[in-house]
J.: 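Structure below; questions to follow.
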Amino acid sequence: MLRVLIFFLLISVSCSDEELEIYNTIGGDFVLHDQFGDKYQLSEHNGKIRLLFFGFTHCPDICPTTLAEVQEVWQQLSTEQQQQIEILFASVDPERDSSDLLRDYLGSFDLPVIGLRGSDAEMLEITAKYASFYEKVSLDSALMYTIDHSSQTFVIDRRGEIRGWVAYDQPPSALLELLNRLL
Amino acid sequence: MSSLRVLLLLTLVIACSDEIVSPVGSDDSQSPYSEVLEIEDARARTSRPPHANSAAFMTLINNGNEDLVIVGVKTPRAKVAELHTMLQEDDKMKMRRVERLVVPSKGELELKPGADHLMFFELDKAWRIGDKLKLTLLFAKYPEQTVTLEVEK
Ligand SMILES: [Cu+2]
């Protein structure tokens, strides 16, 4: 009886993975550097599920909110599940976000985030591949400039393919649901 | 000793009924009450390295017959304080400074992440979780309102 149950469970789990669409017209491999200066190539980390978010450290609202929501989801996962996931925060502010700053900023969250950075040209190319966008905007404000940017969190599977994303205004449960279908 | 206790108890009772009766200079009230304007759920966000900025949020309830127009904000904890809004275009979020925020009459304005909010730059030092800070809202035709709020995650 238990075996049947487990079998059934396995089937339903793998089926639910199949149901998730593969968005292979967007996304793809990239090479950047992490907050410790080490090279990070997406394909070299295949085998892990990746969460990818474009942001910047001076981002006052969207980025900390998103990271806090990811943290909420993270805490609902078992250690074993956590070990299958990498959280990627790719900076779209190459000018200000040094690796030191990324390290300090991400270190302030109780979450193992890999901060990624590259040149402006590299980031423009990568965001374009990910159907994303960022643009430096000077504000009539004390903030020297801000960066308008796409605010969704991409969910990338173990083979490096995008299997979905969560918009900024979606609840953390939406991210958890996506993850559960890939875990 | 026991009279002090009674007094303390009395103070508590007064503080509790504060919401119904008019306020008597409550010092560190989280939700200052006035006939016209109520402020609820006021909180600030902790700053993160490089501690360049932070934000504050709250719900303002306008019981009056006229719109209340917020024209500014200030706090001793930051040199620059601004009113901001967030525009959403598809999946893009664009933060912009605005001159005023309106609390509609018989309505409310919710300042929250991803929407209208109060924004601070040139912080005196890091805004740590648990810090209490004073913040004053300036209105076009209404006395300024000072709230004490706590810094949260
Ligand atoms: Cu803002």
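Residue numbers begin at 1 in each chain, while the letters A, B, ... track the order of the sequences.
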J.: To check you understand the geometry: which heavy-atom pair defines the closest contact between B/Pro49 and A/Leu101, and what is its length?
T.: C-CD1, 4.1 Å
J.: Would the distance check show the side chain of A/Tyr168 and the main-chain N or O of B/Gly114 forming a donor-acceptor pair, the cut-off being under 3.5 Å?
T.: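 Checking the backbone N and O of B/Gly114 against the side chain of A/Tyr168, a donor-acceptor pair under 3.5 Å is found.
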J.: Checking heavy atoms, do the side chain of A/Phe109, its backbone, both or neither come under 4.5 Å from chain B?
T.: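 Answer is both: backbone and side chain atoms of A/Phe109 are under 4.5 Å from chain B.
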J.: Is it true that atom CD of B/Glu66 has more than 12 heavy atoms of other residues, nucleotides or ligands lying nearer than 6.0 Å?
T.: no
J.: So which residue, A/Asp169, A/Asp61, A/Thr57, ends up with the most heavy-atom pairs under 4.5 Å with chain B?
T.: A/Asp61
J.: List the steps and the verdict of side chain to side chain contact (heavy atoms under 4.5 Å, CB included) for B/Met86 and A/Ile62.
T.: CA-CA 10 Å; B/Met86 200 72 84; A/Ile62 304 298; 3.9 Å; yes
J.: Is it the case that one hydrophobic cluster holds both A/Met123 and A/Tyr145, taking links as side-chain heavy atoms less than 4.5 Å apart, direct or via other members?
T.: yes
J.: Under a 4.5 Å heavy-atom cut-off, does chain A meet the side chain of B/His51, its backbone, both or neither?
T.: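 Contact with chain A: none, neither part.
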J.: Specify which of B/Ser54, B/Pro50, B/Ala55, B/Ala52 makes the most heavy-atom pairs with chain A at under 4.5 Å.
T.: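 Max contact count across the listed options: B/Pro50.
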J.: Does a sphere of radius 6.0 Å around CG in A/Asp110 hold more than 12 heavy atoms from other residues, nucleotides or ligands, not counting ones at 6.0 Å or beyond?
T.: no
J.: Quick check: do A/Asp148 and B/Lys94 have side-chain heavy atoms less than 4.5 Å from each other?
T.: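 The answer is yes, as the side chains (C-beta and beyond) meet within the 4.5 Å cut-off.
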J.: Hey, is CZ on B/Arg100 packed in by over 12 heavy atoms from elsewhere, all under 6.0 Å?
T.: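 No - once you tally the heavy atoms of other residues, nucleotides and ligands closer than 6.0 Å, there are 12 at most.
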J.: Taking atom types as modelled, is there a side-chain donor on B/Arg96 or A/Thr146 under 3.5 Å from an acceptor on the other?
T.: no
J.: More than 12 heavy atoms of other residues, nucleotides or ligands under 6.0 Å from CD of A/Glu125: yes or no?
T.: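 Count not over threshold, so no.
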J.: Non-hydrogen atoms of chain A under 4.5 Å away: do they reach the side chain of B/Gln88, the backbone, both or neither?
T.: side chain
J.: Transitively linked via ILVMFWY side-chain contacts under 4.5 Å: B/Val103 with B/Phe57?
T.: no
J.: Hey, quick one: are B/Leu68 and B/Ile61 part of the same hydrophobic cluster, counting side-chain heavy atoms closer than 4.5 Å, chains of contacts allowed?
T.: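 No, B/Leu68 does not connect to B/Ile61 through the hydrophobic network.
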J.: Flag yes if more than 12 heavy atoms outside A/Gln41 fall under 6.0 Å of its CD atom; otherwise flag no.
T.: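 Above 12, so yes.
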J.: Under a 4.5 Å heavy-atom cut-off, does chain B meet the side chain of A/Phe133, its backbone, both or neither?
T.: side chain
J.: Does the side chain of A/Val137 come within less than 4.5 Å of B/Met95's, by heavy atoms?
T.: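 When only atoms from C-beta onward are counted, A/Val137 and B/Met95 do not touch, as no gap falls below 4.5 Å.
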J.: Around A/Lys48, counting heavy atoms of other residues, nucleotides and ligands shown, do more than 12 lie under 6.0 Å from its NZ?
T.: yes
J.: Mind checking whether A/Phe53 and A/Leu175 sit in one hydrophobic cluster, side chains of I, L, V, M, F, W, Y counted as touching below 4.5 Å?
T.: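 Looking at the clustering, A/Leu175 is in the same group as A/Phe53.
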J.: I need the minimum non-hydrogen distance between A/Pro60 and B/Arg45, along with the two atoms involved.
T.: O-NH1, 3.5 Å
J.: From B/Met93 CE over to A/His149 NE2, what is the distance, rounded to the nearest 0.5 angstrom?
T.: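 Between B/Met93 CE and A/His149 NE2, I get 9.0 Å after rounding to 0.5 Å.
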J.: Look at the side chain of B/Arg48 and the backbone N and O of A/Leu106, then say whether any donor-acceptor pair between them is shorter than 3.5 Å.
T.: no
